[in-house]
There are 2 protein chains.
Amino acid sequence: MVTRPPPAATDARKRMVRTGSRSATAARPRSAIRQAVDLQAALRERIASQEIAPGSKLREQALAAEYKVPRAQVRETLIALEQRGLIERVPNRGAVVVRLDLTQVFETYDLREVLEGLCARLATQNTTPASWQDMVKLFDGPMAQYVRAHDYESFIAGYGRLRRRMIEAAANPVLTSMLDSIYEKTQAIIRRIIILPGRAEHGLAEHRAVIAAMRRGDAAAAERLRRANMRSAKAWLRRYQSFVL
Amino acid sequence: MVTRPPPAATDARKRMVRTGSRSATAARPRSAIRQAVDLQAALRERIASQEIAPGSKLREQALAAEYKVPRAQVRETLIALEQRGLIERVPNRGAVVVRLDLTQVFETYDLREVLEGLCARLATQNTTPASWQDMVKLFDGPMAQYVRAHDYESFIAGYGRLRRRMIEAAANPVLTSMLDSIYEKTQAIIRRIIILPGRAEHGLAEHRAVIAAMRRGDAAAAERLRRANMRSAKAWLRRYQSFVL
DNA sequence: GTAAACAGGATTGTTGACATTTTTGTTGAC
DNA sequence: GTCAACAAAAATGTCAACAATCCTGTTTAC
C-alpha cells in the first residue's frame with residue numbers, strides 16, 4: 001500500500017516539485033500539469049482582484065473551454081482552490097467563490113496581525129539593515145506624495161512592493177503560503193480600507209515606523225510595530241464597517 | 001464563464017459544505033464524496049502518527065484498492081493533501097510524504113509560536129475565566145504526576161486535551177486549519193521533544209502559567225506565555241537537535 | 001390565482017480505457 | 001565484475017462517454 005521510505009539522502013537531487021515556482025529554464029515539460037499550475041495561478045489572481053466576484057459560480061465546462069484544458073484539470077484546480085479557502089464546493093452544485101462576512105474579515109485580521117508581525121521580525125533578522133534603505137527612500141518621498149495627492153493606486157502598489165520584499169526576506173515558505181492565502185481572500189477589502197478617511201496618512205506613518213525598525217535591525221520592534229499597524233487597520237475597519245461591507 | 005453572484009442573502013440556507021464537519025444526522029448522502037472526506041482524514045491521521053513514514057510513496061492504485069474507492073477519489077485526496085503541505089507530488093512519479101529537515105522544523109516553530117500565541121489570546125477572550133478551572137486542576141494534579149512518573153504518553157494526552165480546548169475556544173476556523181496543518185507535520189517531533197531531559201518539567205510549568213493567565217482572564221499574558229512556551233520548546237530542540245533528528 | 005407536480009436542459013460526479021513516463025530487471029560488451 | 005543499453009512491467013497522467021443530480025420553466029389541479 002505504501003512503500004517504505006528510501007535511504008533519506010535522495011532528497012538532494014529533488015525534482016521540480018509541482019507547487020514550486022517553475023524556473024524559467026525548465027521549459028521542457030509541455031505536460032498539462034504546467035497548464036494546471038498556470039490555471040490555478042490565473043484563477044487565484046482573478047478571484048483576488050474580484051474580477052470574479054464573491055458568490056460567483058465557477059463552471060467546470062466553461063473554464064475548461066476558456067483555458068483550453070480538459071475538464072479533469074479544471075476539477076483538480078478547483079479542489080486545490082477549495083483547500084486554499086478561496087472557493088466552496090457543494091456536492092452536485094459546483095464551486096462558488098467564498099463571500100466573507102464581517103465576522104470572518106475580523107477573524108482574518110487577527111491572523112494577519114500575528115503573521116505579518118512574524119514576517120517583519122524574520123525579514124529583519126535575515127537581512128542587513130542597509131538593505132532597507134531603498135524602502136526608507138520610497139516611503140519618505142514618493143509614497144508621501146501619493147498620499148497627499150490621493151493617488152491610492154500608486155500607494156497600494158508601493159505597499160505591495162514593501163510587503164513582497166518582506167515576505168521574500170522572511171524566507172519561510174509555509175508563512176509565505178499562509179500570507180498569500182489570506183491576502184487573496186481580503187485584497188478587495190484592504191483596498192477599501194485604504195481609502196477610508198485618514199487611513200492612508202496613518203498607515204503611511206506606521207509603515208515608516210516599521211521600515212525604520214528594520215533599517216536599524218531591531219527585529220522585535222519591527223514585529224511589534226507591524227502588529228500595531230494591523231490592529232489599527234482593523235480598528236479603522238470596525239469604525240467604518242458599515243461603509244466597507 | 002463565471003456567473004454573476006446571486007443577491008447575496010442566499011447564504012443563510014447554506015447547504016452542508018464539503019469541508020465542514022458533517023452532522024451526525026445527515027447520514028443520507030451515500031455519495032462517494034463522503035468517503036473522500038473520510039479518506040483524507042484517515043490519511044492525515046496515518047501520516048501524522050507516522051504510521052506512514054516520511055519519504056514513503058503513496059500509490060494511487062494501492063490506496064484505491066485498500067479503501068475500496070475509485071482512483072479518481074484517491075487522486076482528489078492527494079491533491080488536497082498536497083495543498084495542506086503533507087505530501088509532495090512530482091509529475092509522473094507520484095506522491096511522497098514530506099520529510100522535514102531541521103531548517104524546516106525551526107521555521108515551523110516560528111509559525112507555531114505566533115499562531116499558538118494568538119490561539120491562547122482568543123481562547124481567553126472568548127471564554128469565562130472559570131471555564132478553565134478543570135484545566136487548572138488537571139495540570140496541578142494528574143499532569144504533575146505523569147511528569148514525576150515519566151508517563152509521557154499520558155502527559156502528551158493531557159497536553160492534547162488542553163490544546164484542543166484552546167483551539168475550540170479560539171473559534172477561528174482559518175486559525176484552526178493552520179494549526180492542524182502544522183501539527184500534523186510536526187506531531188512526531190513534538191513527541192520526541194517532550195522526552196528530552198528536563199523538558200516535560202519545564203513544559204509543565206509553562207503550561208500552568210498559560211492556564212493561570214487564562215484562569216484570571218488575562219488574554220495578553222496568555223499570549224505572551226504561550227509564545228514563551230513555544231520559544232523554549234524550540235530552544236530545547238536546538239540544544240538537542242542531533243538527538244532528535 | 002396560487003401552489004404543487006412535472007418534464008427538459010444543464011451541470012457535476014463517476015467510470016473505464018488509453019497514452020505517457022518512470023522504474024526495474026536483464027542482457028551484453030568491455 | 002562493472003557499467004551501459006535495452007526491454008518489460010508498473011505507475012501516473014489524460015481523456016471522453018455515461019450516470020446521477022440539480023435547476024428552470026411550464027403545466028395542471030384546487
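Below, read A as the first sequence line, B as the second, and so on, with proteins coming before strands; counting in each chain starts at 1. Computed from a prediction, not measured in an experiment: that's the story for all the values here.
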Taking [atom1] from [X] and [atom2] from [N], how many angstroms apart are they, rounded to a whole number?
X: A:Arg75; N: C:dT15; atom1: CZ; atom2: C1'; value: 12 Å
X: A:Arg93; N: D:dC22; atom1: CZ; atom2: C1'; value: 8 Å
X: A:Glu82; N: C:dT12; atom1: CD; atom2: P; value: 14 Å
X: B:Lys68; N: C:dT14; atom1: NZ; atom2: C1'; value: 19 Å
X: A:Leu63; N: C:dT11; atom1: CG; atom2: P; value: 12 Å
X: B:Lys57; N: D:dA11; atom1: NZ; atom2: P; value: 9 Å
X: A:Arg71; N: D:dC18; atom1: CZ; atom2: C1'; value: 11 Å
X: B:Ile79; N: D:dT12; atom1: CD1; atom2: P; value: 13 Å

Categorize B:Gln61 for me: base, sugar-phosphate, or nothing, with a 4.0 angstrom heavy-atom threshold over every strand shown.
base
Across all chains, not counting sequence neighbours, the side chain to side chain contact (heavy atoms under 4.5 Å, CB included) partners of B:Val96 are B:Lys57
Convert the base pairs of DNA chain C into dot-bracket notation, remembering that pairs crossing earlier ones are written with [ ] and that bases paired across to another strand are shown as |; include only Watson-Crick or G-U pairs under 3.5 Å.
||||||||||||||||||||||||||||||
Side chain to side chain donor-acceptor pair (under 3.5 Å) contacts in which one or both residues fall within residues 236-245 of chain A, not counting sequence neighbours:
none
Pairs meeting criterion salt bridge (charged side-chain N to carboxylate O under 4.0 Å, His left out) with involvement of residues 175-190 of chain B, two or more places apart
B:Arg44-B:Glu184, B:Arg84-B:Glu184
Let me have the donor-acceptor pairs involving side chains of residues 164-171 of chain A, under 3.5 Å, with sequence neighbours excluded, atom names and distances please.
| residue | atom | partner | partner atom | Å |
| --- | --- | --- | --- | --- |
| A:Arg165 | NH1 | A:Ser131 | O | 3.1 |
| A:Arg165 | NH2 | A:Asp134 | OD1 | 3.4 |
| A:Arg165 | NH2 | A:Asp134 | OD2 | 2.3 |

Using distance only, find each side-chain donor-acceptor pair of residues 155-163 of chain A under 3.5 Å and give its atom names and separation, not counting sequence neighbours.
| residue | atom | partner | partner atom | Å |
| --- | --- | --- | --- | --- |
| A:Tyr159 | OH | A:Arg112 | NH2 | 3.1 |
| A:Tyr159 | OH | A:Arg226 | NH2 | 3.1 |
| A:Arg163 | NE | A:Glu116 | OE2 | 3.2 |

To the closest 0.5 Å, what do you measure between CG (B:Leu111) and CZ (B:Phe106)?
14.5 Å
